[in-house]
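Let me begin by presenting the structure, written as structure tokens, before commenting on it.
Every chain is numbered from 1 and lettered A, B, ... according to where its sequence line falls, protein lines coming before strand lines.
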Amino acid sequence: MTGDTYRIVRGYRLALDRAYDRETHMWVSVQDGDRVRIGLDPLGVETTGSIAQLAVLRSPSSLRRGEQFGSLEAEKFVGPLLAPLSGVVVACNDAAIADPGLLHRDRFGEGWLAEMDARDLAAERQELVEGAEEIVAWFESKVDEYRLRGVLAE
Amino acid sequence: MPEAALRVLDFGSVRPLRSQTLWHAVARGVSAGAPPTISFVRPTDPYVCLGYHRRIDEVDLDLCARRGLPVYRRMVGGGPVYLDNDQLFFQVCLPLASLPARRDKALRLLLEPAVEAFRAVGVDASLDRSGEIVVGDAKVCGHGAAQIDEAVAFVGNLIEHFDHEAASDVVQSPSPEARDLLARLIRRYVRATPCDADAFREAATDAYASAFGLEPSVGSLTSAEEEAVAELDGKFEDPRWRDGLDRAAQTTDHSVWRVKVRAGVWAVEAELAGSRLLAAVVDGRLEAVSVDDAELNGSAAAVERAIAGWPLGEAEARLVAFGPPGQRLAEALARVGRRLE
């Protein structure tokens with residue numbers, strides 16, 4: 001990746017070469033055709049806390065956007081991982097499952113969560129935030145909103 | 001304007017399976033629009049319960065079978081635990097939107113009323129920096145939480161009497177020495193707080209109602225919740241759910257065994273190429289160290305003295321001075337360190 005791939009936005013290192021889901025705080029990186037890799041963005045990681053456990057459901061059936069594909073645990077608090085796109089989960093990141101700390105150390109690289117074959121990528125992509133300026137503007141407003149609500153430290 | 005209701009459900013003593021499925025059904029009900037709820041339950045008989053993400057092989061299933069202890073998996077987090085009739089369990093189920101998005105803040109909001117309830121019945125409890133409810137440095141309340149659909153379920157317990165022996169026995173241990181160490185640590189760091197359970201129930205109800213601006217109101221399960229109980233009974237008895245076969249999760253690392261006794265306190269054992277290290281890790285430092293390696297030639301006690309009381313990283317460095325066996329033990333310790341991060 002080039003030096004332009006990342007930008008520091010409101011104190012968070014953000015990858016600009018992918019798309020983001022506004023609601024689930026998942027990033028989506030198109031790999032090949034309809035195959036996408038997904039992971040958790042910096043706000044998703046920070047609001048979750050110190051991630052101790054990670055699991056991906058073994059479900060051969062197709063998921064709809066917003067449905068659960070896995071789960072995270074931090075401080076004995078279990079929460080769902082929600083699919084940012086409709087499709088089938090075809091792979092999970094065994095390295096991150098074995099060492100969930102990867103989500104903190106390398107959230108845009110080795111700390112990816114799963115790969116999906118997206119069912120309707122072209123249409124659902126419109127729901128995601130994409131493009132450097134759009135990503136930065138969205139992320140800035142989200143951080144400001146979270147700080148105002150006390151979700152994030154000042 | 002009247003305050004919204006905090007539904008109060010007292011399930012009394014129920015069989016072990018129901019002591020789990022009843023409140024999981026309540027969480028579903030709250031997600032579907034039932035009022036915020038606090039519930040209380042005791043199991044009629046002892047059993048073992050495993051946190052959502054944990055491996056089934058963390059439980060000594062043979063021992064549980066011999067003792068007739070059922071094993072269930074819950075949806076909230078944490079490790080394998082032993083439950084019995086001497087523990088009163090409480091559950092608080094709230095709509096997801098009523099809690100902060102940040103989990104550590106949500107958890108603190110859910111823990112603080114429990115501390116208040118303990119204090120109201122004369123237990124000098126406090127919430128420590130790691131988020132444990134403690135008296136001194138001993139944990140007095142096991143807790144866990146989960147988002148279940150659009151609700152959050154938070155669970156905790158009042159331990160009136162604790163069977164430390166059984167609690168350590170049900171955890172799979174690699175050696176009798178490891179089991180002994182775990183039993184000692186549980187005795188040291190988990191404490192019962194006998195008190196008036198009825199008074200605790202009332203205090204907890206009042207504390208959670210006050211914390212969330214709700215008015216306590218005794219209620220009952222909705223028909224949808226009753227249906228959910230029956231469905232969850234089946235799910236929780238399904239070996240596929242119990243054994244965690246429906247998901248890709250952490251696999252067993254046979255080289256390192258570690259059991260968290262309370263936040264910051266672990267029993268650990270690591271083996272590497274014939275070297276074995278057993279210890280307690282308390283706030284990052286080694287205690288009760290025992291090492292074994294055929295090449296130590298009688299110097300095991302010196303090795304143990306050299307690393308007891310030291311942080312893991314420094315202990316690793318000190319082990320290297322003991323030649324090849326020390327290096328093996330250092331690598332085993334490094335593996336422990338990675339698993340405790």
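Within the 4.5 angstrom heavy-atom criterion, only side-chain atoms of B:Arg240, from C-beta onward, approach chain A. Contacts of A:Leu54 with chain B are made by backbone atoms alone, with heavy-atom separations under 4.5 Å and no side-chain atom involved. Heavy atoms of B:Ala263 lying under 4.5 Å from chain A are absent altogether. Interface residue B:Leu245: only backbone heavy atoms are found under 4.5 Å from chain A.
Side-chain contact check for B:Arg103 versus A:Thr47: every heavy-atom pair is 4.5 Å or farther apart.
Contact detail for A:Pro80 and B:Gln147: the closest heavy-atom pair is CD-OE1, 3.2 Å. Closest non-hydrogen pair, A:Val78 versus B:Val76, comes out as CG2-C, 3.8 Å. Smallest separation of non-hydrogen atoms from B:Ala248 and A:Arg58: CA-NH2, 3.7 Å.
Within the model, atoms OG1 of A:Thr48 and CZ of B:Arg102 stand 10.0 Å from one another, a figure rounded to the nearest 0.5 Å.
Residue-level contacts of residues 66-77 of chain A with chain B, in order of numbering, are A:Ser71, A:Leu72, A:Glu73, A:Ala74, A:Glu75, A:Lys76, A:Phe77; threshold 4.5 Å between heavy atoms. Interface with chain B: from residues 34-45 of chain A, no residue qualifies, criterion being any non-hydrogen pair under 4.5 Å.
For A:Glu145, the CD atom sits in a packed shell: over 12 heavy atoms of surrounding residues, nucleotides or ligands are nearer than 6.0 Å.
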